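All values derive from a computational prediction rather than experimental measurement. Heavy-atom basis, side chains included; hydrogens, waters and symmetry copies ignored.
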Amino acid sequence: QVQLLESGGGSVQAGDSLRVSCAASTRSIMSYVMGWFRQAPGQEREFVASIGASGTNTQYRDSVKGRFTISRDNSKKMVYMQMNNLKPEDTAVYYCAAGEFVKARYSNTVEDRYSYWGQGTQVSVSS
């Protein structure tokens with residue numbers, strides 16, 4: 001069982017930066033792919049970024065490429081996402097997720113890949 005706790009959300013203006021963090025309560029996250037998803041009001045949850053177990057394989061949705069960077073520190077059981085040049089359309093609740101190897105048949109960009117989810121942290125960007 002993996003418990004995930006996000007932090008670092010807040011209210012900023014367009015062009016500002018934020019770093020959201022995800023702390024995992026488990027013995028180790030070394031075998032998990034980690035992802036960030038987001039859900040805006042009235043919309044479905046969508047993939048934002050993912051990072052492989054070793055940290056070398058990252059994927060991003062097109063709208064955040066060049067602005068967001070996902071990273072992980074397995075020794076601290078932490079996952080981060082640096083968000084630069086934030087835009088109003090980035091406003092959403094951001095969720096951290098952990099995916100087990102048994103679900104490796106799924107793409108890292110879909111929810112089915114992930115077994116464990118955090119409660120989310122709100123990011124609000126004003127124009």
Measuring from S107:OG to R105:CZ, what's the distance to the nearest 0.5 Å?
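The OG atom of S107 sits 13.0 Å away from the CZ atom of R105.
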
Taking all heavy atoms of A53 and all of S31, pick out the closest pair and write down the distance.
CB-C, 4.2 Å

In the single-linkage hydrophobic clustering (I, L, V, M, F, W, Y; side-chain heavy atoms under 4.5 Å), do Y114 and V93 co-cluster?
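Yes; tracing contacts between hydrophobic side chains, which count when under 4.5 Å, links both residues.
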
Same cluster (ILVMFWY, side-chain, under 4.5 Å), M78 and V2
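No, it is not one cluster - the side chains of M78 and V2 are not joined through contacts under 4.5 Å.
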
Would one find more than 12 heavy atoms of other residues, nucleotides or ligands at under 6.0 Å from atom NZ of K76?
no

Heavy-atom nearest pair, P88 first then S126, reads CG-C, 4.4 Å

Identify each donor-acceptor pair in which a side-chain atom of residues 16-29 lies under 3.5 Å from a protein atom, sequence neighbours left out, and give them as a table.
from	atom 1	to	atom 2	distance (Å)
D16	OD2	Q13	N	3.1
S17	OG	N84	OD1	3.0
S28	OG	M30	N	3.1

Nearest-0.5 Å distance that lies between atom OH in Y116 and atom CD in Q1:
5.0 Å

Is it true that a side-chain atom of E6 and a backbone atom of C96 form a donor plus acceptor pair closer than 3.5 Å?
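Side chain of E6 to backbone of C96, a donor-acceptor pair under 3.5 Å: yes, one is there.
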
Sequence neighbours excluded and cut-off under 3.5 Å, please list the side-chain donor-acceptor pairs for residues 34-52, or say none.
from	atom 1	to	atom 2	distance (Å)
R38	NE	E46	OE2	2.7
R38	NH1	D90	OD1	3.0
R38	NH1	Y94	OH	3.0
R38	NH2	E46	OE2	3.2
Q39	NE2	Q43	O	3.0
R45	NH2	E111	OE1	3.1

Provide the closest heavy-atom pair for K65 versus Y60 in the form atom of the first, atom of the second, distance.
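That would be CE-O, 3.3 Å.
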
Looking at Q3, I want to see if its CD is surrounded by more than 12 non-hydrogen atoms of other residues, nucleotides or ligands under 6.0 Å.
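Open.
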
With a 4.5 Å cut-off on side-chain heavy atoms, are Y95 and L4 touching?
no

Please report the closest heavy-atom contact between Y32 and A98, naming both atoms and the distance.
CD2-CB, 4.1 Å

Straight-line distance of R72 CZ to I70 CD1, nearest 0.5 Å:
8.0 Å

Go through Q59 and T109 one step at a time and tell me if the side-chain hydrogen bond (donor to acceptor under 3.5 Å, both in side chains) criterion holds.
CA-CA 8 Å; Q59 294 178 272; T109 65; 5.5 Å; no

Measure from the side-chain N and O atoms of Q119 to the backbone N and O of L5, and report whether any donor-acceptor pair falls under 3.5 Å.
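Absent.
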
Excluding sequence neighbours, so at least two apart, what forms salt bridge (charged side-chain N to carboxylate O under 4.0 Å, His left out) with D112?
none

Check whether V79 and V123 end up in the same hydrophobic cluster, where Ile, Leu, Val, Met, Phe, Trp and Tyr are linked by side-chain heavy atoms less than 4.5 Å apart.
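They do share one cluster, since a chain of ILVMFWY contacts under 4.5 Å joins V79 to V123.
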
Going by heavy atoms in the side chains, are N108 and N57 under 4.5 Å from each other?
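Sidechains of N57 and N108: in contact.
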
Using a 4.5 Å cut-off on heavy atoms from C-beta on, say whether the side chain of E89 contacts that of S63.
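The answer is no, as the side chains (C-beta and beyond) never meet within the 4.5 Å cut-off.
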
